[in-house]
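What follows is a set of notes on a single structure, which appears directly below.
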Number of protein chains: 2
Amino acid sequence: MTIHHHPGKERIDAVRAFNRFYTRQIGLLEEGLLKSDFSLTEARVLYELAHRDGLTATDLGRDLGLDAGYLSRLLKKFEERDLVERATIEADARRSSIALTKAGRQAFAPLNQGSHEQVATLLERLSAAEQDRLVRAMQTVQRLLGGSAEPKIPYMLRSLQVGDIGWIIHRQGLLYAQEYGWDETYEALVAEILGAFVKSFDPKWEHSWIAEREGEVVGSVFVVHQSDAVAKLRLLYVEPSARGLGIGRRLVEECIGFARTKGYRTLTLWTNDVLTSARRIYEAAGFKLTDEERHHSFGKDLVGQNWNLEL
Amino acid sequence: MTIHHHPGKERIDAVRAFNRFYTRQIGLLEEGLLKSDFSLTEARVLYELAHRDGLTATDLGRDLGLDAGYLSRLLKKFEERDLVERATIEADARRSSIALTKAGRQAFAPLNQGSHEQVATLLERLSAAEQDRLVRAMQTVQRLLGGSAEPKIPYMLRSLQVGDIGWIIHRQGLLYAQEYGWDETYEALVAEILGAFVKSFDPKWEHSWIAEREGEVVGSVFVVHQSDAVAKLRLLYVEPSARGLGIGRRLVEECIGFARTKGYRTLTLWTNDVLTSARRIYEAAGFKLTDEERHHSFGKDLVGQNWNLEL
DNA sequence: ACGGATACTTGACTAAGTCAACTAAATGGC
DNA sequence: GCCATTTAGTTGACTTAGTCAAGTATCCGT
């Protein structure tokens, strides 16, 4: 379950600004269609017909937001021009499945090509990296507004890839700075830990888990070898946007399972008392608080805690 | 100058998919306007008039992509309904500056409110973090397509902030993996270097520069203390999207200037021969190659180089 | 088997937008 | 300073795009 949130004025205004911007943008793209013998709506209908099979008039009307009467006439005109043909659906005599004829596909091709070239021209003004960012940003917008509800797979775990440790350092640095006011030395500590982890990585004794949700890193945890009897769980974190999905608990469970199968006797971890949600996960997993000490780190007075789990 | 790039089919198709998606999205938002006594175009005109001063008919037509004749009649109707008034521009008797009257603002208010609420409803379905991502993504699209030309300030230099080192580790890790096929140990090395840099940072002898372009990190460099006579330049990098702006050269110059003022006698650096564009910058800045050695690192056979500049 | 819904179709209409011809004022070149 | 050209805006005549309501044929649930 995702937590919903009443949006602030700045966000609403930003979205409205984008809507105005893109209304204009689409208007510009339409102008390119003007020279063809099809209107924008006709082109949209042709596009759908060219890319999807077995469509009925109702499908088209629903997906493109068109009036049934208008669409009916439009399709009739297409049929007269021999661009589309309708096949009766045996199961339902009211509906018919609409498809482009060969002539229809031929008429659509230059239209499609024109649109393709227009977009290509638009993109050519950008560098490859910018094109990439543009596409990603568009996909983000589409995914978020597309009402795609909850993704089928809420998250998946994988092991470390290039780019991950930098990303985790970046996010943890920012997150703890925002939430607890820690300074840049925390980020530096994470960098040192993860740099050393990768450098001296020993697959026999160590492991990492990255939680990914729709292609984005939303959590991670590491198990490092302290001695043949003691494994250490390090740097558990879950993105605020992905909290409530049980990712934290799952990551800790993976660590425990890994430590058990590798024959460790104890799983230990160090944390700070301000990190209450992490603490709750450790308690639920059976960890016991063994000791606490005050320390001054990351620009704050903190209480460090060691927790142990006998395996 | 930015490097342009011929876009691939996937990117073009992704952009076209987004256009279709957003055409529909805007269609849905328009439906909300239907109950008011203004058409979408009228509402757009009212919006512009409400938010910008001293507009002429031509300005409106250009910015909203409207036919001059159509707009003329539309404004005449508004004037008859006493929603707008025109003031003659003393410098040019052909043009007149159009503004909403009090009645115009009153008529616009519920329209504006309606649109505001509609967007608010749309956003409410998302969590705060998702709203944030949506807005960012929209701003990215708008900035990239907005033809905002070159930004007034092509880039600016600043010193390190929380989140920077993680970001630099992430980007360098990915970049060298993509461009030269280096493995995750390079990213780990960067993490160790930067973790240690922040941890043992000595402002008397050391410094960092982050190049920022429109709020994004596009380059960085570090100077570290090796001895009181020798400073080391480390981890120079410039984002591919920001190459050609002279950022690399500028970063190296800053390092040299800093090393001179701090009284170092030598500025040294280590690099690899495959990094040809960096090498060109070092040569131009007066660095001399002192020695080379073959080594196997980051999953590749490489030739490491030491370069020195006597200050 | 029948009441209500669904998938279209058609007629009558209005809104939205285009195009070209026109007037009046400004602007640039010589 | 004059004249050709451009720009700002207007108007008439028109087309296209889209809406609305009433209608027919078919399907679906009970």
Side-chain angles (χ1 to χ4, degrees), chain A residues 23-24 26-49 54-81 84-99, chain B residues 23-24 26-46 48-49 54-81 84-99 111:
Chain A
T23 299
R24 180 86 184 95
I26 287 169
L28 291 174
L29 293 172
E30 282 174 34
E31 278 172 24
L33 279 169
L34 272 174
K35 41 182 177 265
S36 81
D37 14 339
F38 297 101
S39 74
L40 170 70
T41 305
E42 288 171 329
R44 290 172 73 202
V45 169
L46 287 177
Y47 186 93
E48 289 298 313
L49 290 173
L55 283 170
T56 66
T58 311
D59 294 335
L60 276 169
R62 179 182 15 81
D63 295 350
L64 300 178
L66 300 176
D67 176 77
Y70 179 43
L71 185 58
S72 171
R73 255 182 285 259
L74 198 152
L75 288 171
K76 193 171 153 197
K77 214 172 61 187
F78 278 175
E79 211 173 7
E80 279 162 6
R81 291 169 66 185
V84 306
E85 55 193 356
R86 309 192 207 203
T88 50
I89 294 180
E90 61 277 29
D92 189 339
R94 294 168 308 173
R95 296 184 290 166
S96 54
S97 137
I98 304 155
Chain B
T23 299
R24 179 87 185 92
I26 287 170
L28 290 174
L29 293 172
E30 282 175 32
E31 279 171 24
L33 278 169
L34 271 175
K35 42 181 177 264
S36 81
D37 14 337
F38 297 102
S39 75
L40 170 70
T41 305
E42 288 172 329
R44 291 173 73 202
V45 169
L46 288 176
E48 289 297 314
L49 290 174
L55 283 171
T56 65
T58 310
D59 295 335
L60 277 169
R62 177 182 17 80
D63 294 351
L64 299 179
L66 300 175
D67 176 79
Y70 179 41
L71 184 58
S72 171
R73 255 182 287 259
L74 197 153
L75 289 171
K76 193 173 158 197
K77 214 171 62 188
F78 278 175
E79 208 172 11
E80 278 161 10
R81 291 170 66 187
V84 306
E85 54 192 358
R86 310 193 205 200
T88 50
I89 294 179
E90 61 275 29
D92 189 340
R94 293 170 309 172
R95 295 184 291 166
S96 54
S97 135
I98 304 156
L111 210 69

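It should be emphasised that the depicted structure is a prediction, and the values quoted were computed from it without experimental measurement.
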NA contact type, A:Ala57, heavy-atom cut-off 4.0 Å: base, sugar-phosphate, or nothing?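 Sugar-phosphate only.
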Within the structure shown, what part of the strands sits under 4.0 Å from B:Ala93 by heavy-atom distance: base, sugar-phosphate, or nothing?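 Answer is sugar-phosphate: B:Ala93 comes under 4.0 Å of backbone atoms only.
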Less than 4.0 angstrom between a side-chain N/O of [X] and OP1 or OP2 of [N], yes or no?
{"X": "A:Thr56", "N": "C:dC8", "value": "yes"}
{"X": "A:Arg62", "N": "C:dC8", "value": "no"}
{"X": "B:Ser39", "N": "C:dA16", "value": "yes"}
{"X": "A:Ser72", "N": "C:dC8", "value": "no"}

Nearest heavy-atom neighbours spanning A:Val84 and A:Glu79: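 Closest approach of A:Val84 to A:Glu79: O-CG, 3.7 Å.
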Over all heavy atoms of both residues, which pair between B:Ser97 and B:Gly54 is shortest? Give the atoms and the distance, please.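 Looking at all heavy atoms of both residues, the shortest contact is OG-CA, 3.7 Å.
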d([atom1], [X]; [atom2], [N]) in whole Å:
{"X": "B:Leu40", "N": "D:dA17", "atom1": "CG", "atom2": "P", "value": "17 Å"}
{"X": "B:Leu71", "N": "D:dT7", "atom1": "CG", "atom2": "C1'", "value": "15 Å"}
{"X": "A:Leu74", "N": "C:dT10", "atom1": "CG", "atom2": "P", "value": "14 Å"}
{"X": "A:Leu60", "N": "D:dG18", "atom1": "CG", "atom2": "P", "value": "14 Å"}
{"X": "A:Lys77", "N": "C:dT9", "atom1": "NZ", "atom2": "P", "value": "15 Å"}
{"X": "A:Glu80", "N": "C:dT9", "atom1": "CD", "atom2": "P", "value": "12 Å"}
{"X": "B:Glu30", "N": "D:dA17", "atom1": "CD", "atom2": "P", "value": "15 Å"}
{"X": "A:Phe38", "N": "D:dT16", "atom1": "CZ", "atom2": "C1'", "value": "15 Å"}

Let me know, please, whether A:Glu42 or A:Asp92 comes out on the 5' side of the other along DNA chain D by nearest nucleotide.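 This one resolves to A:Glu42.
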Residue met sooner reading DNA chain D from 5', once B:Arg95 and A:Asp67 are mapped to nucleotides: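 It is B:Arg95 whose nearest nucleotide is closer to the 5' end.
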Residue [X], side-chain heavy atoms: nucleotide from [options] that is nearest:
{"X": "A:Arg73", "options": "C:dC8, C:dA12, D:dT26", "result": "C:dA12"}
{"X": "B:Arg94", "options": "D:dA8, D:dT19, D:dA13", "result": "D:dA8"}
{"X": "B:Tyr70", "options": "C:dT18, C:dT9, D:dG9", "result": "C:dT18"}

Check whether any side-chain heavy atom of [X] sits under 4.5 Å from a side-chain heavy atom of [Y], and report yes or no.
{"X": "A:Val45", "Y": "A:Phe78", "answer": "yes"}
{"X": "B:Leu111", "Y": "B:Glu42", "answer": "no"}
{"X": "B:Leu49", "Y": "B:Ile98", "answer": "yes"}

Toward the 5' end of DNA chain C, which comes first, B:Leu66 or A:Lys76, by nearest nucleotide?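 Its nearest nucleotide lies further toward 5', so the answer is A:Lys76.
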